[in-house]
Amino acid sequence: MKVVSAVLFLGIFWSQEWEPVLSDSIIHIGAIFDESARKDDEVFRMAVADLNLNNEILETEKITISVEFVDGNNPFQAVQEACELMNRGILALISSVGCMSAGSLQSLADAMHIPHLFIQRAPAGTPRSSCPLVSRGRQDDYTLFVRPPVYLNDVILQVVSEYSWQKFIIFYDQEYDIRGIQDFLDKTSQQGMDVSLQKVESNINMMITSMFRTMRVEELHRYRDTLRRAVLFMSPVTAKAFITEVVETNLMAFDCHWIIINEEISDQDVQELVMKSIGRLTLIRQTFPLPQNTSQRCVKHNHRINTSLCDPKDPKAQTLEITNRYIYDTVLLLANTFHRKLEDRKWHSMASLTCIRKNSKPWQGGRPMLDNVKKSGVSGLTGFLEFTDNGTNPNIYFEILGTNYGEDRGRGVSKLATWDPVHGLNGTLTDRKLENNMRGVVLRVVTVLEEPFVMVSENVLGKPKKYQGYSIDVLDSLSNYLGFKYEIYVAPDHKYGSQQSDGVWNGLMGELVAKRADVGLSALTITPERESAVDFTTRYMDYSVGVLLRKAERTVDMFACLAPFDLSLWACIAGTVLLVGILVYLLNWLNPPRLPMGAVSSTTFYNSMWFVYGSFVQQGGEVPYTTLATRMMMGVWWLFALIVISSYTANLAAFLTITRIENSIQSLQDLSKQTELPYGTVLDSAVYEQVRSKAMNPFERDPMYSQMWRMINRTGGADNNVDESKEGIRKVKYGRFAFVWDAAVLEYMAINDEDCSFYTVGSNAPDRGYGFAMQHGSPYRDIFSQRILELQQNGDMDILKLKWWPRDSPCDLYSTVHTKHRGSALDIHSFAGVFCVLAAGVVLSCVIAMVETWWTRRKGSRVPSKETQADGTSARQPEPCPHQHDTPNDIPLTTLRTAPSTHYAQSPACCDIPHALIVQHTFQPNNDPSQPPPKMTMTTFTTPPATSRLYP
């Protein structure tokens, strides 16, 4: 019984399926669909059934069909099935396949003159790419493109330009032909946009896991920042799976903005995508115009469309694909074409062709039939379907849907704009909420006191504290422009915050992570570790590491006059004076000088030393030296003295007017190379972590930071590090310490120090910046960043900066010593040593004078009085001189005549003159005229160095 029923069912099905074909019907349409598009076949049969029930179009004629399914990637199979359909006799061929099979069908239709209505179908619901086959606009072109050309490149280019995107990433699934966006990539490159490409594999979870396994932390942070702006060219199914994964892995934040573009996005897909995503989402899809009058949505001219397809509220209509709509409208267009052919009575018999034979002729009625199809136009599910002269459908419309930033999933979707090839973008994509509509919003701001970024300006008991500083000024500028208000408080532990061993953040960062604050500001730097927990705006000021040091004190040197020469040089000069004095004495002792008659001189060692010293200080000497050797020696000595005195004078002027005190630490490298001066930073701060990471990271190990880390981490960091920056500044001011901290903070402290006792050194290349920290996924990040960029571009940020870091500061940040702001006049301290030497000389001279006076008086008490000397004059005989010559030199004076005298010269007491050459003249008178003339005898004596009395 079951077998009989099955045979009966097959017989009925066979009669319904093939009876129209075998009957005398003159309207026969062939169709080739992709084997994965069974719904195309369903809508195609539904359209034929609707038209066969409409007697106004085909009157008594009925449409018969033949449908074949092919593999979209097998062009040979598509051609084989098309030949089979032509052999059965068809008036037109409808195909819904991919580009690969469509090219072969186009060639076959052109050869056999069969009108071919091609409906491009993208594989697996991915966005379409332009097919290589294009309408050539010639007489032998029999393919009509039912779906409009691919305008995705034009739409997405205008959208990203409207959003002012300059850097974003494009994700595409493995089914998408990347060649479809080549034109878009070329145009973005010409406009200077930075566009990255990444293919999304079928196993999305494995792809993301592999990225986490292969990328370093810094690379993941940069990759996460890249994901803030993304364009997705993928099917809705892949897009939903991909968004789910990136949200669960924390790669997509609340401030991200993603664009999904695909013609095939249904209303249900839109709701699911919005539910799965966070941040801002923009969707671009193809839309079809609907009549304002709901009663006319299903009535198109002389045809009524099936309600299940035209009613938007019908579940079946909501799941219709774009190809389904175009298939229905294609059948409706052919039916209207056949209707005009029947009215004109210019009907041609169906084509019964054999493609395999070489001598097979094309269908004679193909050209008239094609021309009638081109001239036709019909309103259907896709709007108005018509063709241009080159065989393309010009009517296409896109709608752009979007959500606002928000933390709640499932936000409402609004229609932002539309796009069409004629008018372009119709509407604005600017989010009004992000422009200037934060009025009424009160933000809770957490901070850490750090001069000059945040400081307490007013602290009245019973009233909220008021704050001032550079960061406060920037926040006020944002508040005045955007219209929000804020409440500010200091972090409970007064720390910026770091991640503890249990993964919990403390300090300012902990307040944001725990969502107790909306915004965090201070001298807060943007680091990868912090960005993993919170979001940062764009930097509003560059950051670099600096060192605060105390300037060298100007010490009082009483002997600054001795500074031009080194101590060793002074010793050499003193030794040279002594040596030259000895040489002069020896030269004169070995070869006594010849003195003129009557001259009395002394060549003692004392006089030689005095003469050498006097000539050295350019005061001259009183002892004449007549020997050649002595004069040669003195000439060289005078030349030596001239050079030494000139050099001393020049260097003394330079040393007393120019400060030569220099500090050896002029950079971070200098600081790291020395170990005498201890240095450190704030424990567990960003600077501390930066030095530690660069010193300990085996891939980025820096020798300079390694040396710094050894000093900073000495004894676990307890000795050289401080808990607050103010403590480090105090250690610099009152001790031997160098403080490593934010260069901006250190410059402010050096500028505003009362004593101008600080100077700073640091690196000129900033490696990061200061930014406002916000909760992870904060909707305010982009608007804050945008306004900060505007402040930087119009120069307002520089004006705010000059308020706290003025250029005309009274303190010099880079001088290592205290400087004067007037002419460098010499003061008493510079010549204190000279006055001390003079005072010592005066005192010593007075002491010597007192000693000499005492000695003279003591010796004078032993000398007899003048009366005693007068009484004993005749009796006193001269004492023999120990240096008197045994034989006096008698010089006869033959020409000298003198009167006789009764007085005779007495030999002087030669010993009374200290170490002198004494000449004695003796005259012997002769009273006898018969005797020879009188003689004068000259006798010389040399006295010992002892001191004796002189007789009158």
Side-chain angles (χ1 to χ4, degrees), residues 166-167 218 221-222 224-229 253-257 279 405 434 438 443-454 467 469-479 481-482 484 486 488 491 495-499 505 507-513 517-546 685-687 689-690 741-745 748 765-793 796-798 800-801 804-805:
Q166 292 298 321
K167 181 179 181 181
E218 293 80 4
H221 289 314
R222 289 193 295 267
R224 183 175 176 269
D225 186 68
T226 304
L227 294 184
R228 296 184 187 278
R229 302 287 180 270
F254 285 105
D255 63 340
C256 290
H257 186 180
Y405 290 98
L434 294 182
M438 289 183 64
L443 300 178
R444 187 164 173 79
V445 180
V446 60
T447 186
V448 174
L449 297 180
E450 186 74 77
E451 298 181 1
F453 291 87
V454 180
Y467 298 87
Y470 179 61
S471 297
I472 299 297
D473 290 345
V474 177
L475 182 64
D476 288 338
S477 298
L478 298 175
S479 175
Y481 180 79
L482 300 175
F484 66 87
Y486 62 88
I488 189 168
K495 293 183 178 181
Y496 289 98
S498 60
Q499 193 172 16
W505 287 83
L508 181 149
M509 293 289 299
E511 297 295 305
L512 292 171
V513 173
D518 300 309
V519 180
L521 62 86
S522 184
L524 190 64
T525 55
I526 304 172
T527 63
E529 293 78 12
R530 290 171 176 171
E531 276 197 305
S532 64
V534 299
D535 290 337
F536 279 93
T537 63
T538 187
R539 64 176 64 181
Y540 61 88
M541 182 178 177
D542 291 331
Y543 160 87
S544 62
V545 176
S685 63
V687 178
E689 294 297 330
Q690 179 182 358
W741 194 235
D742 296 359
V745 177
Y748 174 80
D767 56 352
R768 60 185 69 174
Y770 300 96
F772 290 119
M774 297 183 177
Q775 294 180 10
H776 190 64
S778 173
Y780 310 116
R781 176 186 178 273
D782 277 359
I783 184 173
F784 272 50
S785 299
Q786 180 180 355
R787 181 55 184 164
I788 289 173
L789 291 176
E790 293 176 359
L791 292 174
Q792 291 174 345
Q793 291 178 357
D796 292 342
M797 199 70 74
D798 295 332
L800 296 177
K801 187 176 180 181
W804 301 101
W805 290 275

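Each residue takes its place number in the sequence, starting with 1.
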Let me see the working for I783 and L482 under side-chain contact (heavy atoms from CB on, under 4.5 Å), right down to the final yes or no. CA-CA 9 Å; I783 184 173; L482 300 175; 3.3 Å; yes
Are side-chain heavy atoms of [X] and [Y] found at a separation under 4.5 Å?
X	Y	value
Q786	L789	no
Q775	V534	no
L478	Y486	no
L524	Y496	yes
F772	S785	no
T525	M541	no
E450	W741	yes
L521	V454	yes

Which heavy atom in [X] sits nearest to a heavy atom in [Y], and how many Å separate them?
X	Y	answer
S522	T447	CB-OG1, 3.9 Å
M509	G497	CG-O, 4.2 Å
T537	R781	CG2-O, 4.1 Å
G507	A491	C-CB, 4.2 Å
M774	L512	N-CD1, 4.2 Å

In Å, rounded to the nearest 0.5 Å, how long is the span from [atom1] of [X] to [atom2] of [Y]?
X	Y	atom1	atom2	result
E529	E689	CD	CD	7.0 Å
Y543	D742	OH	CG	4.5 Å
W805	L800	CH2	CG	10.5 Å
R530	L508	CZ	CG	8.0 Å

Report the C-alpha distance between D796 and S477 in whole Å, list the side-chain angles of each, state the deciding distance to 0.1 Å, and finish with yes or no for side-chain contact (heavy atoms from CB on, under 4.5 Å). CA-CA 9 Å; D796 292 342; S477 298; over 6 Å; no
Please tell me whether W804 and F453 form a close aromatic pair, meaning their ring centres lie under 6.0 Å apart.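 No, they do not, as the ring centres are separated by 6.0 Å or more.
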Given F784, which partner from the list F536, F484, Y540, Y481 fulfils the ring pair (Phe, Tyr, Trp, His ring centres under 6.0 Å) test?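 Only one option passes, and that is F484.
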When you check the gap from the basic side-chain N to the acidic O, do D535 and R228 get nearer than 4.0 Å?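 R228 and D535: salt-bridged.
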Taking it one step at a time, do Q690 and V545 satisfy side-chain contact (heavy atoms from CB on, under 4.5 Å)? CA-CA 10 Å; Q690 179 182 358; V545 176; 3.5 Å; yes
Is the side chain of W505 donor-acceptor paired with the backbone N or O of V513 at a distance under 3.5 Å, no angle test?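 No; judged by distance alone, with no hydrogens or angles, the pair does not exist.
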Stepwise side-chain contact (heavy atoms from CB on, under 4.5 Å) check, R444 with V519: CA-CA 6 Å; R444 187 164 173 79; V519 180; over 6 Å; no
